[in-house]
Number of protein chains: 2
Amino acid sequence: MSSSIIGKLEALHPLPEDDKRLLHAVVGRGRTLKVGEHIVREGDHTDIVHVMLEGQGYRYKTLPDGKRQIIGYLVPGDFCDLYSFLLDKMDHGMAARTVCQVAELTEEHILMLTARPALARALWWSELVNAAILREWLVNMGRRTPSARVAHLLCELLVRLQVVGHASAHGFKLELSQAELADTVGLTTVSVNRALQRLRGAGLIRQTSREITIPDVAALKRAAQFDPRYLHFRQAREDGGCV
Amino acid sequence: MSSSIIGKLEALHPLPEDDKRLLHAVVGRGRTLKVGEHIVREGDHTDIVHVMLEGQGYRYKTLPDGKRQIIGYLVPGDFCDLYSFLLDKMDHGMAARTVCQVAELTEEHILMLTARPALARALWWSELVNAAILREWLVNMGRRTPSARVAHLLCELLVRLQVVGHASAHGFKLELSQAELADTVGLTTVSVNRALQRLRGAGLIRQTSREITIPDVAALKRAAQFDPRYLHFRQAREDGGCV
DNA sequence: CGACCGATTGACTTGATTCAATTTCGGTGG
DNA sequence: CCACCGAAATTGAATCAAGTCAATCGGTCG
């Protein structure tokens, strides 16, 4: 269960065995959430840190007129709200998109973890990556075509899921509705549908019921202008990007 | 010079007098940057932390096809890259939009500052606000109309500049070209121009050469669906928003 | 089998972009 | 002080792409 966390953090910074054992002990096996269940609501205060162990979730904001914008995906290994005991109120909500296992850590747990220099550094780094993802998403929405936006998102998910062992070299389980995709990339479902069609038509992706296959990852990355360096994973840092 | 930093950090968390004195001593008066000069380039490594003392800058990313997306504004009091010595390479660039004074702090300076609990907390908090701004911008680009996007940006700048004493109750110096606005909100200059016209037509803003006036701030906030709580400033936390 | 949800489609509308002037404005130099 | 220059703002017309609306298709689950 906690292997995804270790996978992710080690992608950022190597960890001593002791730290991994501590992580394992602190995290436990987590609570099960049903599809659609909230992890934290907008405006809530919580002093618990949630960690996604299995399954996927998303961060979102709701507009006064009811529209929704998804502002992040939570994949296994992600710390959802490392800073929750600092904030009085969450400025966004988080919900389970699939059935999830979520660990709930207290401030004491976090202090135990951050007392270890390597862990503290890896956690700090993971927050930097969260911010980097937001910046890249901004570029995505601001300056890319619909198909490139969708392609970029798929590339990002591929890499993030690979790091935690939830994606193969050429694809992953896609449990995203087109409506969610639309609320993520700032388009309508119809446009997302057509963007996916274009990607399929160009042979860049292949979709079966709930699985997505990327026959030529480099080609999709090119189409998406995807440069994995923003994720700051160690491999990506060494490859030096794909654009 | 360092009063803007103190203003900003105190808007997040109260600081003891000693901490303010330390800040003042550490920051000094900064280096002067010319318009357009880079603070840090994309891909650079730096182990200096830059702090905006006077003037304004922006964060940006460049796309392979030459397009640019502005992903943040730097106003007086902002720490530009608090995490720079962690990162090997900046995933985005930062440049001066006006003549600026920028302080350059070393890792030792930062360690001195973060050794003080109140300062550490305020700095940590300022990073949370940076992330919150990115999330709000994502909502802006994804789900708001052109005029609301522009209006929202203006509201945000108003509040952020007010906190550091660079805006009055009803306006501020606007040194933003329409091209920069366009690269910020994901539109073309023409669309931005028309969005501004609509806002002016509705009496929500008034522009003279390099100054923007907002006759009825609440009205503009309403039009922009601007809820200042995401900035997590202490006043805003107490008001409880305007939507 | 029928209800339902999500994906898909087509026709139409709306609104943003593109392109190419034209105007405005601040600053410059005569 | 005024004419001129260049950058930025503004405009209009034509184009094109995304949104809207509404219907249909496909599969899943009671």
Side-chain angles (χ1 to χ4, degrees), chain A residues 34-36 56 58 63 65-70 97-99 140-154 173-202 205-213, chain B residues 34-36 56 58 63 65-70 95 97-99 140-154 173-202 205-213 223:
Chain A
K34 291 196 282 284
V35 174
Q56 293 187 19
Y58 56 89
L63 290 151
D65 53 16
K67 283 188 288 224
R68 174 181 72 160
Q69 175 69 46
I70 290 179
R97 212 185 52 238
T98 67
V99 176
N140 214 26
M141 296 235 289
R143 289 286 175 246
R144 281 200 262 259
T145 63
S147 352
R149 289 189 207 184
V150 172
H152 195 279
L153 182 62
L154 295 176
K173 248 198 338 200
L174 184 66
E175 295 167 294
L176 268 178
S177 72
Q178 295 185 357
E180 287 169 324
L181 229 36
D183 281 340
T184 307
V185 296
L187 297 168
T188 59
T189 56
V190 176
S191 302
V192 165
N193 183 289
R194 286 170 183 153
L196 284 168
Q197 285 178 41
R198 268 183 305 250
L199 293 175
R200 282 197 300 259
I205 64 172
R206 224 172 290 149
Q207 284 177 285
T208 65
S209 58
R210 300 252 137 222
E211 187 86 14
I212 186 154
T213 313
Chain B
K34 291 195 283 283
V35 175
Q56 294 187 19
Y58 57 88
L63 289 151
D65 53 15
K67 283 189 289 224
R68 175 182 70 160
Q69 174 69 44
I70 290 179
R97 211 184 52 238
T98 67
V99 177
N140 215 26
M141 296 234 289
R143 289 286 175 246
R144 281 200 261 259
T145 62
S147 349
R149 290 189 207 185
V150 172
H152 195 279
L153 182 63
L154 295 176
K173 244 193 347 192
L174 184 67
E175 294 167 294
L176 269 177
S177 73
Q178 294 185 357
E180 287 168 324
L181 269 174
D183 280 340
T184 306
V185 296
L187 296 168
T188 59
T189 56
V190 175
S191 301
V192 165
N193 182 289
R194 287 169 183 156
L196 284 168
Q197 285 179 41
R198 257 168 301 181
L199 293 175
R200 284 197 299 259
I205 63 172
R206 225 172 290 148
Q207 284 178 286
T208 65
S209 57
R210 300 257 137 217
E211 186 86 14
I212 185 153
T213 314

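Source: prediction; values computed, not measured. Just the heavy atoms: all of them, side chains too, but no hydrogens, waters or symmetry mates, feed the values below. Letters A, B, ... mirror the listed sequences (proteins, then strands); counts begin at 1.
For B:Arg194, there are no salt bridge (Lys or Arg N to Asp or Glu O under 4.0 Å) partners at least two apart in sequence or on another chain. By the side chain to side chain donor-acceptor pair (under 3.5 Å) test, B:Gln207 is found to be paired with B:Arg200, residues two or more places apart in sequence or in another chain being considered. Every residue two or more places apart in sequence or in another chain that forms a side chain to side chain donor-acceptor pair (under 3.5 Å) with B:Thr188 is listed here: B:Ser191. Take B:Gln197 and apply the side chain to side chain donor-acceptor pair (under 3.5 Å) test, not counting sequence neighbours, and it matches B:Asn193. Residues forming a side chain to side chain donor-acceptor pair (under 3.5 Å) with B:Arg97 (at least two apart in sequence, or on another chain): B:Gln56. Residues that satisfy the salt bridge (Lys or Arg N to Asp or Glu O under 4.0 Å) test with B:Lys173, not counting sequence neighbours, are absent from this structure. By the side chain to side chain contact (heavy atoms under 4.5 Å, CB included) test, A:Ala195 pairs with A:Pro146, A:Ser147, A:Val150, A:Arg198, sequence neighbours left out. With sequence neighbours excluded, the residues forming a side chain to side chain contact (heavy atoms under 4.5 Å, CB included) with B:Thr189 are B:Ala179, B:Ala182, listed by chain and number. Judged as a salt bridge (Lys or Arg N to Asp or Glu O under 4.0 Å), and not counting sequence neighbours, the contacts of A:Arg144 are A:Glu136.
A distance-only check finds a donor-acceptor pair linking the side chain of A:Glu180 to the backbone of A:Ser177 [under 3.5 Å].
A:Arg200 comes within contact range of the sugar-phosphate backbone alone, with a heavy-atom separation under 4.0 Å but no base atom that close.
Of the residues in residues 173-184 of chain B, none lies under 4.0 Å from DNA chain C by heavy-atom distance.
Salt-bridge check for A:Asp183 with B:Arg143: passed, with a basic side-chain N closer than 4.0 Å to an acidic carboxylate O.
Atom pair B:Asn193:CG and D:dT10:P shows a separation of 4 Å (rounding to whole Å applied). Between the CZ atom of B:Arg97 and the C1' atom of D:dA8 there is a distance of 15 Å, given to the nearest Å. Atom CZ of B:Arg144 and atom C1' of C:dA16 are 19 Å apart (whole Å). Taking atom CD of B:Gln197 as the reference point, atom P of D:dA8 lies 18 Å away to the nearest angstrom.
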(request) Do nucleotides 19-30 of chain D as a string where each nucleotide becomes B, S or -: B if the base has a protein heavy atom under 4.0 Å, S if just the sugar-phosphate does, - if no protein is that close. (result) SBB---------
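Rotation axes derived from the C1' atoms of the five outermost pairs at either end of the helix from C:dC1-D:dG30 to C:dG30-D:dC1 lie 30° apart, to the nearest 10°.
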